[in-house]
Amino acid sequence: MSAYLNTRVSLYAGRLWLDEDFDALLRVSDAELEDMLGERGLAQLAAGFGDPEQSRPLNDPLSLEQRIIAQTLDETRVLIRPLNGVARGFLIYWTARFEVTNVKTLLRGKMTGERPATLLSRLTPMGSFGRLDNHELAHAEDVGELLRRLEAGPYAGIVRQARRAFEQSHDPFNLDAALDRAYYEGLVQRAKSLEGCAGAGFRNLMGTLIDRINLVWLLRYRFNYNLPPAQVYFLLVGSHYSLTGARLRELAALGGLESVLAELPQEWRSRLAPAHDIPGVFAIMERIGAESARNELRSSSPAISRAFAYLILRERDLRSVRAVLRGRHLGLSGADIRLALHRTPLEVM
Amino acid sequence: MFRAEPLVKIQLLMLATEAPDAALQLARFGVFNPGELNSGSGVLAALPEVFPESPAEHYREAWLEAESRLSKLLQQCGDAQPLVIPDDAAAPSLSDLQELNGWLKEVWSACLACHEGEERILDEKKHLDALEETLSKLERLNVDLAHLLRSDSLLGVNIGSLPANGLKRVSEALSMTSTLVNQFDHVGDQIFAVIAGPRMHQTEVHGLLAQAGWRELAVPEELRTHPLEARAWLEAERERLGELSGAECRVMSNLREQFGPRLNEARMRVALARPLAEAALLGVRGKGGLAVLAGWVPRRQLDALRKGLEQRFHGRYWLDVKEVAAHEASKAPSLVRYPAWLTPFVPLVKSYGVPRYGEFDPALPFALTYLLLFGAMFGDIGHGGVIVLLSLLFAGKLGRMAWVGAAAGTVSMLFGVLYGSIFGYEDVLQPVWLSPLHNPVHVLSVAVAFGVGFIVFTLLVNARNKWVAGHVAEALFDSTGLAGLVFYLGAVGGLASAAGAADISAPAWMLAIFGILVVAGFKWFEAKAGLGERILVTAIETLETGINLFSNTLSFMRVAAFSLNHVALALAIFTLASGLSVAGHWFTIALGNVVIIVLEGGIVAIQALRLMYYEGFSRFFSGDGVEFAPLRLEAQSVKD
């Protein structure tokens, strides 16, 4: 089974994009774009191009974002086929973040009194990965009813604390932050039970991911939202990677971006030297994560670790493709789009 | 019976205001399956462009909301009685439906408020329980609460609960503000704690605690005094909550009385609105005051449909009828009518998948082959007879599946006659054909020969299905088409010659090589990928063709193996019984036969199903067809 998965991952790896491929994507005409995307297995993202009259094909009601997620889910479905047990559970949980995003959309929609039909059209179809009854949830009368229904479902663990936090403060930020934190803590827990058999490379991948999330959240909460250190620390993901709890407490207590960067491990300090703001830190950390995933993909690590590395890289590519397609739609110049590719950080959730 | 009933695509143009009634009429008609709108003929040519609006979208949205609220209401407040819909009842208009939805929202909000009130009281009761437990613990702590909770103290103190799994994190975070957490109780997944630290950090602490799901234990003034007085206060609170709960119950009963009768009427109106709301899912198009409903109906019932529409709308409609085009066949639903005796087997076919429109329907060959395989693997007059008797005895509980059991039992009895086997005894009756125990090689050869015939049949059916669907290349050159069949027949001939059963070795292998080369060429042509992946796909899929056909054929050896297994099990029981006294002997024989019927009978039933699904259906039956799902009313219509 691992031979099959390794072969499948190697074949998929051929579809990943190099920096020069994005340059080519910027240059090609609308008519050639579909072929170019098709060669990388992304024909469904090209819908709407080649026909200037049509921004979205009639038979495809999904937005570009939804189509990107559908593509990611399709490929994950192929990769998990030969897996079982903890490894399978881990990759399935990795897709659950899209459904957590749906939960957030539902909650925000209920807060603003959005109509169920509009709300439903904004949710990402999860296909066989879907565990929520979106129809029933969208028809909940208010946030309270929605949270109670969610708490009786598969995401009870993630939603329970978020509900209590929301009941106390009625602040949507508290709700979002609690959901994100609970999701990633679930991911760390699942990864922990896999780290023994999936090798050091897998641990490194997870470490880079969680450390990046923690560092960027810490900077945002502390210096953008001006939350006090203790609250910032509480909102971060509990982890056992490079940025441990003790290190995060120290960092959260510091007074500025520069001092936080100066207290990071030596290796990170030198890499993050060019960053002067939070998006800059994100972009560099994200590049470090991509490098680590690329190394993992080229290595002879266990198949699950290579599959995870591929999914991280593929999603990064897909979001860059989205940036290019959006830029072209908006008629932005190639230089602006290039800037976006190098500076706009990937959204974590 | 072998293929779906011929359908026609209809597009019904009518006044938008009459769309709900038109959908209701089609639902009453009973055989209208809604579908997407496409280009029509004559005046309805280029329909999607002419009718760009979706006039039923708001209707569907209002219906979905109303239906959701109604079902929640019925669950909470009302008791559902059988719904009776008069034949002449009309569907509600959009404004009626919106008004109904508004009323349902009002009722549900009242009901929800009641429900939430009850939940709140329940929560408060739990809180009171926790408070009581806390009080008993605080009493043991011997702390002067009044002193501890002084608002002018330099020490900021909070007493309350938080989820147990968050304690470590909260303690770590609070340590950054020089605040201590002291847990003094644990109830369920909640821990109760005293949190104390410098008062100057209180704002920060409160922000964090709000994030952590902290619930402040509002220690009332009453609790800050003598324990006896605190207990009296708790009792008074309990009484107050009891009264409140009674009041909520009364409100709920009033609501039931007040809204009950109209809720029943609302159910009927929601049911009458369902047809258009469901049809809208697939697209009711329109423009201005016109709407178009599209879908499929059986060709032979077209006249009845026209008659019904004429009676209801008196010419205020336009019906466009079109034959199902080849490119639409994959979207067209399959409506297959089966004779009553075959119907019980249909769920077994449908559990694999639904045949596509125009595809060969496998229900009849499935039924015949399934029974044949079951009988061949479980041939015994006695055991078959018991299955027949049990099926008839439990016909009420088993429903239509009893007929499958009775038929399988009868075929089992027939094979019992052929094998000369009754309750495992092989020497009581003379076999009409052969005894599997004494002719194992013969039985194995017959099973494999049957398998070859079955696989040839499935390949032919698949080639026919592909041809009909317009996939001519697949029908001719694919591994499950004629090229695969040529390879298979050649390989079978070659192997039979090697085994000495025939003398056609050279031409047979040539045929096989020709067949597999055609398949490989087709796979190469079909693989749309880079060179590496193309080579890999062609090599693996061609190899898979050979391996699959070979292993599928050998799979049929299990038919013979199970018929031998049946005899072997019986022999084992007889051997056990022979060493016992008369009573023990017959007890063992009886118990052994029960084990054979239950255990082996169950295994054989599953194996026969497996053979049908994986060696048969998977070869020619894509199972991705669309089942004919007509618009229907929620309940049976009755004469007013």
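To find a chain, count down the sequence lines: A is the first, B the second, and so on, and within it residues start at 1.
- Listed in order of number, the residues of residues 238-249 of chain A that approach chain B to under 4.5 Å between heavy atoms are Gly238(A), Arg249(A).
- With a threshold of 4.5 angstrom between heavy atoms, Leu227(A) does not approach chain B through any atom at all.
- Between the CG atom of Leu120(A) and the CG atom of Leu64(B) there is a distance of 8.0 Å, given to the nearest 0.5 Å.
- For the atom pair Trp108(B) CH2 and His139(A) NE2, the distance stands at 13.5 Å (nearest 0.5 Å).
- Contact annotation for Val170(B): both backbone and side-chain heavy atoms come within less than 4.5 Å of a heavy atom of chain A.
- Residues Ala140(A) and Lys72(B) share a closest heavy-atom pair of CA-NZ, 3.9 Å.
- Taking the side chain as every heavy atom from C-beta outward, Leu208(B) and Leu235(A) never approach each other to under 4.5 Å.
- For Lys331(B), the NZ atom sits in a loose shell: 12 or fewer heavy atoms of surrounding residues, nucleotides or ligands are nearer than 6.0 Å.
- Rounding to the nearest 0.5 angstrom, the gap separating the CD atom in Gln211(B) from the CG atom in Asp171(A) is 7.5 Å.
- With contacts defined as side-chain heavy-atom distances shorter than 4.5 Å, the pair Glu136(A)/Ser68(B) does not qualify.
- Proximity to chain A (any heavy atom under 4.5 Å) is restricted, for Arg69(B), to the side chain, taken from C-beta onward.
- By the 6.0 Å contact criterion, CD on Gln183(B) is enclosed, its count of non-hydrogen atoms from other residues, nucleotides or ligands being greater than 12.
- Side-chain contact between Pro229(A) and Glu204(B) is present, with heavy atoms from C-beta onward closer than 4.5 Å.
- Across every non-hydrogen atom of Thr177(B) and Ala230(A), the tightest pair is CG2-CB, 3.8 Å.
- We find the CZ-CG distance between Phe234(A) and Leu209(B) to be 8.5 Å, quoted to the nearest 0.5 Å.
- Arg169(B) is listed as a side-chain neighbour of Glu185(A), based on a closest heavy-atom distance under 4.5 Å.
- Contact record, Ala252(A) with Met176(B): CB-CE, 4.0 Å, taken as the closest heavy-atom pair.
- For Lys105(B), the part sitting under 4.5 Å from any heavy atom of chain A is the side chain, from C-beta outward, and nothing else.
- Around atom NE2 of His135(A), more than 12 heavy atoms belonging to other residues, nucleotides or ligands sit under 6.0 Å away.
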